Amino acid sequence: MGEPMLSADEALARLLEAAVPLGQTQTLAVDAALGRVLATPLVAGVDVPPVDRSAMDGYALRVADWSEGQPLPISQRITAGALPGPLVPGTAARIFTGAPIPEGADAVVMQEDCEMRAGQVWIRHAPRAGENLRRRGEDIRQGQVVLEAGQRLTPAHLGVAASVGTTQLTVYRRLRAAVFFTGNELALPGEPLRPGQIYNSNRATLTALLQGLGCEVSDLGIVPDDLEATVGALTAAARQADVVITSGGVSVGEEDHVKAAVERLGEIRLWKVAMKPGKPLVHGRVGEADFLGLPGNPVSAFVVFCLFVRPFLLRRMGGRVRPPLRFLVPAGFAWNKPSNRREFLRARLEEGRAVLYPNQSSGVLTSVAWADGLVDLDIGRTVEPGAPVPFLPLSEFTT
Ligand code: AMP
Ligand code: MG
């Protein structure tokens, strides 16, 4: 009917504006914090590395002590974890990777460039000052913010926290998501398919996407295409969750009751987005909960989740939201069907070119399972083979 179509960018901007970050935090061991959102910045209490260290197995020396063809006597042997004495002037120290540089040394020559005989070392080429030294604080300086609030913690972030000696991190509590799936035609895997039924695939996909994002998911199951049943499910879901997410029933057909149910219990904030797949997208509020209604088509639900729901949830979780990674790649296809909606095509990179899954129907979920990215085609765009097209890796969205 009369609702204006929003551009995908506008829809995302509105959604992000409406996403209120969680307040509540908890303290977790670093080991337990993978995927959580950091609530307070982490400030380094130490320099990393804490002292100058050797990057190589070799010999530490003072560059000024070297002259062509002259051996240096070895005055000490320094292993990783050892505490060296100052370097005796005019000598070299045998040193190993990760060992502290002795006071007075200003270079390490790797052992492959040295020759050892009778307690002396010949260094074949002129050493450079600073060679093979890992300087104190070259990674992290004491007092530096190493992890910003709002950072979603990946394995590397946990490693950085550990590298400054941190054992605990303050993170936001998990977001509670309640899901249900509308459609009289839906059957659960494990049940026999009666005539006219299809299996509920959105449950598996959306639950996994939500869990991957670190949400606690409660599933209210399959809800028939009936206004009162939808109102009932929505009421129960909104009572227990921060965010209610549904699939199906958001089109304009007479069997689509989700929008009416949200309007009955709360308010609708958003309706149609000029994109393909996935035109219908509902955002609303029901009681204290946000509501996000995804289209029923499995591909649409997936793409809408990635592009809209995920950033919304991330901000709700207290996270910083960045635009998804995208880069231009040459098209390995031609596209002669300009659309009045922005299109997100399921694609793969093959020999540096984006190739398309042959069936781009929004019902064909195998296209998403096959794809490693989405090609983002602007409204009205046609593509010649070899023309650059924006490619969005799917891995961004699924971790
Ligand atoms: P709807 O958005 O309810 O009009 O559904 C659009 C299409 O997606 C229809 O073909 C539905 O059968 C299908 N569909 C809806 N929900 C699901 C689901 N949970 N799993 C798989 N397909 C679905
Ligand atoms: Mg339906």
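If you're wondering where the values come from, they're calculated on a predicted model, not measured in any experiment. Residue indices begin at 1 and follow the sequence shown. When a ligand or atom number is given, it counts from 1 through the structure's own listing order.
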Problem - Contacting atoms of ligand 1, where contact means under 4.0 angstrom from a heavy atom of Pro298 - result: 21 (C), 22 (N)
Exercise for the section: Looking only at distances, please establish whether an N/O atom of ligand 1 is found under 3.5 Å from an N/O atom of Phe181. Expected result: no
Practice task
Identify, by atom number and element, the atoms of ligand 1 in contact range of Ile198, meaning under 4.0 Å from any of its heavy atoms.
Solution key: 12 (O), 21 (C), 22 (N), 23 (C)
Problem - Top protein contact for atom 18 (C) of ligand 1, by heavy-atom distance - result: Asn202 ND2, 3.2 Å
Exercise for the section: Side-chain contact test, heavy atoms from C-beta onward, threshold under 4.5 Å: evaluate it for Arg342 versus Leu377 and give yes or no. Expected result: no
Completion exercise
Within 4.0 Å of some non-hydrogen atom of Gly249, the atoms of ligand 1 are 1 (P), 2 (O), 3 (O)
Exercise for the section: Using a 4.0 Å heavy-atom threshold (strictly under), name the region of Arg203 that reaches ligand 1: side chain, backbone, both or neither. Expected result: neither
Handout entry: Gln151 versus Arg320, side-chain donor and acceptor atoms under 3.5 Å
Key = yes
Practice task
Could you check if a side-chain atom of Leu42 sits within less than 4.5 angstrom of a side-chain atom of Thr166, using non-hydrogen atoms only?
Solution key: yes
Practice task
Any atoms of ligand 1 less than 4.0 Å from a non-hydrogen atom of Tyr199? List them with their elements.
Solution key: 20 (N), 21 (C)
Exercise for the section: Looking only at distances, please establish whether an N/O atom of ligand 1 is found under 3.5 Å from an N/O atom of Asn297. Expected result: yes
Exercise for the section: Please check if any side-chain donor atom of Asp226 sits under 3.5 Å from a side-chain acceptor atom of His257, or the reverse. Expected result: no
Practice task
Decide whether a cation-pi geometry holds between Arg346 and Trp370; the criteria are a distance under 6.0 Å from NZ or CZ to the six-membered ring centre and an angle within 45° of the ring axis.
Solution key: no
Practice task
Mark yes or no: Arg94 above the aromatic ring of Tyr59, with NZ or CZ under 6.0 Å from the six-membered ring centre and no more than 45 degrees from the axis.
Solution key: yes
Exercise for the section: Would you please indicate if the ring centroids of Phe308 and His283 are separated by under 6.0 Å? Expected result: no
Handout entry: Option from Ile245, Val258, Val303 for which side chain to side chain contact (heavy atoms under 4.5 Å, CB included) with Leu294 holds
Key = Ile245
Practice task
Report the nearest protein non-hydrogen atom to atom 19 (N) of ligand 1: residue, atom name, distance rounded to 0.1 Å.
Solution key: Asn200 OD1, 2.8 Å
Practice task
May I ask you to check whether Gly296 has an N/O atom sitting below 3.5 Å from an N/O atom of ligand 1?
Solution key: yes
Practice task
Would you mind telling me if ligand 1 is within reach of the side chain of Ser201, the backbone, both or neither, using heavy atoms under 4.0 Å?
Solution key: both
Fill in the blank from the handout: Looking only at protein heavy atoms, what sits closest to atom 12 (O) of ligand 1 is Glu185 OE2, 2.5 Å
